[in-house]
K.L.:
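One structure is given below, represented as C-alpha cells, and several questions about it will come after.
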Amino acid sequence: MSTSRTQVAIIGAGPAGLLLGALLHRAGIDHIIVERQSPEYVLGRIRAGILEQGTVDLLHEAGVGDGVAQGGTVHNSIELVFKNTRHPIDVTRLTNGKVVTAYGQTEVTKDLMQQRTRLGLPTVYSAEDVSLHDFDGHTPQVRYVKDGAAHVINCEFIAGCDGFHGVARASVPKDAITEYEKVYPFGWLGVLADVPPVSTHAIVYANSDRGFALCSMRSPTRSRYYVQCPMSDKVQDWSDQRFWDEIRLRLDPEMAQRMVIGPSIEKSIAPLRSFVAEPMRFGSLFLAGDAAHIVPPTGAKGLNLAAGDVKYLSSAFIEYFKEKSDAGINHYSQRALARIWRAERFSWWLTSLMHRFPDSEGFGQKMQEAELAYLVHSEALSTSLAENYVGLPLDFAI
Ligand code: RFL
Ligand code: PHB
C-alpha cells in the first residue's frame with residue numbers, strides 16, 4: 001500500500017473538481033484529484049453550454065480564460081416560443097448590461113485538463129473503489145485502488161466534487177444529512193450535430209402542444225438541440241429523422257423552415273430532477289457542485305452553481321491555510337445554500353412554465369398560457385427572468 005499526503009484531496013475531475021484544483025494551485029495550496037473515469041470518458045460527456053459572467057470571470061481567475069475568450073459566443077438575449085410565435089427577451093437591457101456566454105462544458109473541462117497537464121498537477125484517473133475515512137475528525141483519508149494497487153491519501157480536507165452519483169455524499173451518515181428532491185415526469189432527448197445553429201445570437205426555449213424544445217449551440221458550426229420526451233423512451237426509438245421532424249414541429253414556422261439538419265454525432269436522454277442535500281459540510285468533508293444539488297437543465301444553472309460553490313470553497317480554504325481563519329469554512333454551507341435555493345427556485349419555475357405536464361390538462365394548461373403571455377408583456381416579470389438567467393450575484397444578504 002502506498003501512502004501520500006496533501007492539503008486537500010478532491011474527489012471527481014468534473015468542472016467542480018478541476019476548477020477547485022486550479023484555484024487552489026494558484027493560491028499555493030497542495031491538492032490531488034482522484035477520478036473514477038478515464039480522461040477520454042470525462043471529455044466524452046456532452047452537458048452544459050451556457051456560462052454566467054461570474055463563471056467566465058472565475059475561469060479567467062483560474063488561468064484558463066483564453067479558451068472561452070476565443071471560442072465563446074456572447075448572448076444578449078433569449079427567445080421564448082409559444083403558440084408557434086417567437087418572443088425575444090432582451091436580457092442585457094433588462095440587467096443593465098449583463099450577458100451570458102455559449103461555451104461547452106466539454107471545452108471548459110478540456111481547458112482545465114490541459115492546464116493541469118502543463119503545470120504537472122496530480123490527477124489520478126481510473127481510480128477504483130474510492131472511499132472516504134475519518135472525516136469527522138482532523139485526519140481524514142481517501143483510499144483508492146489503481147491498477148490493482150491500494151493507495152491512501154492523508155489530508156486536511158476532502159472536497160466531494162464527484163457529482164450526483166458519487167461516493168462523497170453517500171459516505172455521510174443518513175441522520176446527518178437532509179435531502180430534498182423533486183423528479184419531473186419527463187426527460188430531455190439531446191442531439192449534437194455539425195450543422196450551423198438555427199440561432200447563434202440567443203438560446204431558444206419553446207413551449208408547444210407537443211412538449212418543450214430547446215435550440216442551443218457549441219460553435220458557429222455545431223448545434224445542440226433538445227426535445228422533451230417521456231422517460232420511458234429509449235435513444236433507439238429516436239432516429240435522426242424523427243428527431244428533426246419533431247423539433248421543427250415545436251418551433252415557429254420561420255425557424256423550423258430555416259433549421260439546417262444533418263447526422264447526429266451524439267444522442268442521449270437525461271432525466272430532470274431538482275435535488276438539494278443539506279448541509280454541505282461534515283467535519284473535514286465539503287460537498288460542491290452536483291454532489292450536493294441538481295437542477296433541471298432548463299435554467300442553464302447546474303455548471304454555474306458548481307462554479308459558485310467552488311468560488312466559496314476555494315476562498316474558504318485559502319482563508320484557512322493563508323490567514324489561519326476558520327470563518328470561511330464555517331460559513332461555506334450556509335453561504336452556498338442561500339444561492340443554491342434561489343437557483344433551484346428559478347430552474348423549477350422555468351421548467352414548470354415551459355414543459356407539457358402529463359396531468360396539466362385544463363386549468364394548469366391555462367395558467368401556463370396566462371403566465372407566458374404576462375411574462376413577455378411585463379417588464380417586471382421579464383426582468384426577474386433576465387436577472388436570474390444571467391446569474392444572481394455571489395454576495396448577497398442571507
Ligand atoms: P460532474 O460533471 O458530474 O463531475 C463529477 C465527476 O466525479 C466523478 N466521480 C467520481 N470520482 C471518483 N470516485 C467516485 N466514486 C466518483 N463518482 C463520480 C465523475 O466521473 C465525474 O467526472 O459534476 P460537477 O463537477 O459538479 O459539475 C456539474 C455539471 O456537470 C452539471 O451541473 C451541468 O452539466 C448541468 N447542466 C447545465 N449546467 C449549466 O450551468 N448550463 C447548462 O446549459 C447545462 N445544461 C446540464 C445541461 C446537464 C445536463 N445533463 C446531461 C444532466 C444539459 C444537460 C443535458
Ligand atoms: C446547452 O447548450 O446544452 C443548454 C443550453 C441552455 C439550457 C440547457 C442546456 O438551458
Side-chain angles (χ1 to χ4, degrees), residues 9-21 33-39 41-52 54-55 73 75 78 100-106 108-109 112-113 123-132 142-146 158-171 187-192 197 202-205 212 214-219 222-226 266 268-273 275 287-310 343 346-347 350-351 354 389 391:
I10 300 175
I11 322 279
L18 291 167
L19 194 52
L20 180 62
I33 300 185
V34 180
E35 163 64 48
R36 177 165 65 177
Q37 305 289 355
S38 66
Y41 184 96
V42 170
L43 284 177
R45 292 188 297 227
I46 309 295
R47 289 186 171 175
I50 293 293
L51 307 183
E52 296 170 358
T55 305
T73 306
H75 285 179
I78 60 171
V100 295
T101 302
Y103 189 65
Q105 176 168 331
T106 314
V108 172
T109 309
L112 286 159
M113 281 166 77
T123 319
V124 181
Y125 283 100
S126 308
E128 293 164 54
D129 299 334
V130 177
S131 60
L132 287 64
V142 173
R143 297 187 198 153
Y144 63 94
V145 174
K146 167 90 181 175
I158 303 175
C161 302
D162 50 350
F164 183 65
H165 299 288
V167 65
R169 191 182 73 252
S171 305
W188 279 17
L189 169 72
V191 160
L192 189 70
I203 305 295
V204 180
Y205 293 87
F212 173 76
L214 189 156
C215 305
S216 182
M217 58 177 288
R218 289 294 176 270
S219 76
R222 182 168 282 190
S223 301
R224 179 65 166 165
Y225 296 140
Y226 301 92
E266 195 264 359
S268 50
I269 295 180
L272 266 71
R273 181 194 308 274
F275 173 87
L287 302 180
D290 279 15
H293 44 78
I294 295 286
V295 284
T298 325
K301 288 284 160 261
L303 171 59
N304 292 301
L305 275 183
D309 291 356
V310 163
F346 173 67
S347 304
L350 197 58
T351 302
M354 297 307 292
Y389 196 74

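Ligands are counted one by one from 1 in listed order, and the atoms in each one are counted from 1 as well. In this text, all values refer to a predicted model and were calculated from it rather than measured experimentally.
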K.L.:
List every atom of ligand 2 that sits less than 4.0 Å from any heavy atom of R47, numbering the atoms from 1 in the order shown and giving each element.
P.N.:
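With R47 as reference, the close atoms of ligand 2 come out as 3 (O).
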K.L.:
Which residue owns the protein heavy atom closest to atom 3 (O) of ligand 2, what's the atom, and how far is it?
P.N.:
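The closest one turns out to be Y226 OH, 2.6 Å.
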K.L.:
At less than 4.0 angstrom from any non-hydrogen atom of A300, what atoms of ligand 2 do you find?
P.N.:
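So the answer, numbered in order with elements, is 6 (C), 7 (C), 10 (O).
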K.L.:
How long is the span from the CG atom in L112 to the CG atom in L19, to the nearest 0.5 Å?
P.N.:
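So the gap between those two atoms works out to 6.0 Å.
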K.L.:
Under 30°, 30 to 60°, or over 60°: which ring-plane class applies to F212 and Y205, parallel, tilted or perpendicular?
P.N.:
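F212 vs Y205 ring planes: tilted.
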K.L.:
Report, in ascending order of atom number, the atoms of ligand 2 lying under 4.0 Å from any heavy atom of I50.
P.N.:
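Those qualifying, in numeric order: 5 (C), 6 (C).
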K.L.:
Show the atoms of ligand 2 that are less than 4.0 angstrom away from any heavy atom in R218.
P.N.:
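Selected atoms, number and element: 1 (C), 2 (O), 3 (O).
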K.L.:
Below 3.5 angstrom, do we get any N/O pair linking W188 and ligand 2?
P.N.:
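The answer is no, given that W188 and ligand 2 share no N or O pair closer than 3.5 Å.
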K.L.:
Determine whether a donor-acceptor pair (N or O, by modelled atom type, separation under 3.5 Å) exists between the side chain of R273 and the backbone of P296.
P.N.:
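Flag not set: sc R273 to bb P296 has no pair under 3.5 Å.
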K.L.:
With no hydrogens and no angle check, is any side-chain donor or acceptor of E52 less than 3.5 Å from a backbone partner on G54?
P.N.:
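No: the side chain of E52 does not pair with the backbone of G54.
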K.L.:
Establish, from distance only, whether the side-chain atoms of S126 and E128 form a donor-acceptor pair under 3.5 Å.
P.N.:
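Checked: S126/E128 side chains show no N/O donor-acceptor pair below 3.5 Å.
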K.L.:
Could you list each N/O atom of ligand 1 together with any protein N/O atom closer than 3.5 Å, one pair per line with the distance?
P.N.:
{"residue": "ligand 1", "atom": "2 (O)", "partner": "R47", "partner atom": "NH1", "Å": "3.0"}
{"residue": "ligand 1", "atom": "3 (O)", "partner": "R47", "partner atom": "NH1", "Å": "2.9"}
{"residue": "ligand 1", "atom": "11 (N)", "partner": "R36", "partner atom": "N", "Å": "3.1"}
{"residue": "ligand 1", "atom": "17 (N)", "partner": "R36", "partner atom": "NH2", "Å": "3.4"}
{"residue": "ligand 1", "atom": "20 (O)", "partner": "E35", "partner atom": "OE2", "Å": "2.6"}
{"residue": "ligand 1", "atom": "20 (O)", "partner": "R45", "partner atom": "NH1", "Å": "3.3"}
{"residue": "ligand 1", "atom": "22 (O)", "partner": "E35", "partner atom": "OE1", "Å": "2.7"}
{"residue": "ligand 1", "atom": "22 (O)", "partner": "E35", "partner atom": "OE2", "Å": "3.3"}
{"residue": "ligand 1", "atom": "22 (O)", "partner": "R45", "partner atom": "NH1", "Å": "3.4"}
{"residue": "ligand 1", "atom": "22 (O)", "partner": "R45", "partner atom": "NH2", "Å": "2.7"}
{"residue": "ligand 1", "atom": "25 (O)", "partner": "P15", "partner atom": "N", "Å": "3.3"}
{"residue": "ligand 1", "atom": "25 (O)", "partner": "A16", "partner atom": "N", "Å": "2.9"}
{"residue": "ligand 1", "atom": "26 (O)", "partner": "D290", "partner atom": "N", "Å": "2.9"}
{"residue": "ligand 1", "atom": "30 (O)", "partner": "R47", "partner atom": "NH1", "Å": "3.2"}
{"residue": "ligand 1", "atom": "30 (O)", "partner": "Q105", "partner atom": "NE2", "Å": "2.8"}
{"residue": "ligand 1", "atom": "32 (O)", "partner": "D290", "partner atom": "OD1", "Å": "2.7"}
{"residue": "ligand 1", "atom": "32 (O)", "partner": "D290", "partner atom": "OD2", "Å": "3.3"}
{"residue": "ligand 1", "atom": "32 (O)", "partner": "G302", "partner atom": "O", "Å": "3.4"}
{"residue": "ligand 1", "atom": "32 (O)", "partner": "L303", "partner atom": "N", "Å": "3.3"}
{"residue": "ligand 1", "atom": "34 (O)", "partner": "Q105", "partner atom": "OE1", "Å": "2.6"}
{"residue": "ligand 1", "atom": "38 (N)", "partner": "G302", "partner atom": "N", "Å": "3.2"}
{"residue": "ligand 1", "atom": "38 (N)", "partner": "L303", "partner atom": "N", "Å": "2.9"}
{"residue": "ligand 1", "atom": "40 (O)", "partner": "A300", "partner atom": "O", "Å": "3.1"}
{"residue": "ligand 1", "atom": "40 (O)", "partner": "G302", "partner atom": "N", "Å": "3.2"}
{"residue": "ligand 1", "atom": "40 (O)", "partner": "L303", "partner atom": "N", "Å": "2.7"}
{"residue": "ligand 1", "atom": "40 (O)", "partner": "N304", "partner atom": "N", "Å": "3.1"}
{"residue": "ligand 1", "atom": "40 (O)", "partner": "N304", "partner atom": "ND2", "Å": "3.2"}
{"residue": "ligand 1", "atom": "41 (N)", "partner": "A300", "partner atom": "O", "Å": "3.2"}
{"residue": "ligand 1", "atom": "43 (O)", "partner": "G49", "partner atom": "N", "Å": "3.1"}

K.L.:
Please work out whether the ring planes of F275 and F164 are parallel, tilted or perpendicular, with thresholds of 30° and 60°.
P.N.:
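Judged by the thresholds at 30° and 60°, the geometry between F275 and F164 is perpendicular.
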K.L.:
Of all residues at least two apart in sequence or in a different chain, which pass the side chain to side chain donor-acceptor pair (under 3.5 Å) check with T55?
P.N.:
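Partners of T55 under the side chain to side chain donor-acceptor pair (under 3.5 Å) test: N304.
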K.L.:
Would you confirm whether K301, through its side chain, and F346, through its main-chain N or O, come within 3.5 Å as a donor-acceptor pair?
P.N.:
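No.
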K.L.:
Would a distance-only check, ignoring hydrogens and angles, find a side-chain to backbone donor-acceptor pair under 3.5 Å from D162 to A168?
P.N.:
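Yes, because the side chain of D162 sits within donor-acceptor range (under 3.5 Å) of the backbone of A168.
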K.L.:
Can you report which non-hydrogen protein atom sits closest to atom 8 (C) of ligand 2, along with the distance?
P.N.:
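Among all protein heavy atoms, the one nearest atom 8 (C) of ligand 2 is P297 O, 3.3 Å.
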K.L.:
Examine distances only and state if a side-chain atom of Q105 and a backbone atom of A48 form a donor-acceptor pair shorter than 3.5 Å.
P.N.:
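Judged by distance alone, yes, a pair lies under 3.5 Å.
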K.L.:
At what distance is the nearest protein heavy atom to atom 2 (O) of ligand 2, and which residue and atom is it?
P.N.:
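Minimum-distance protein heavy atom for atom 2 (O) of ligand 2 reads S216 OG, 2.6 Å.
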K.L.:
Of I78, T101, I203, which is the lone residue that meets side chain to side chain contact (heavy atoms under 4.5 Å, CB included) with I50?
P.N.:
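Answer after filtering I78, T101, I203: I203.
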K.L.:
Can you report which non-hydrogen protein atom sits closest to atom 6 (C) of ligand 2, along with the distance?
P.N.:
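Sorting protein heavy atoms by distance from atom 6 (C) of ligand 2 puts Y205 OH, 3.4 Å first.
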K.L.:
Any atoms of ligand 2 less than 4.0 Å from a non-hydrogen atom of T298? List them with their elements.
P.N.:
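Under 4.0 Å from T298, ligand 2 has these atoms: 10 (O).
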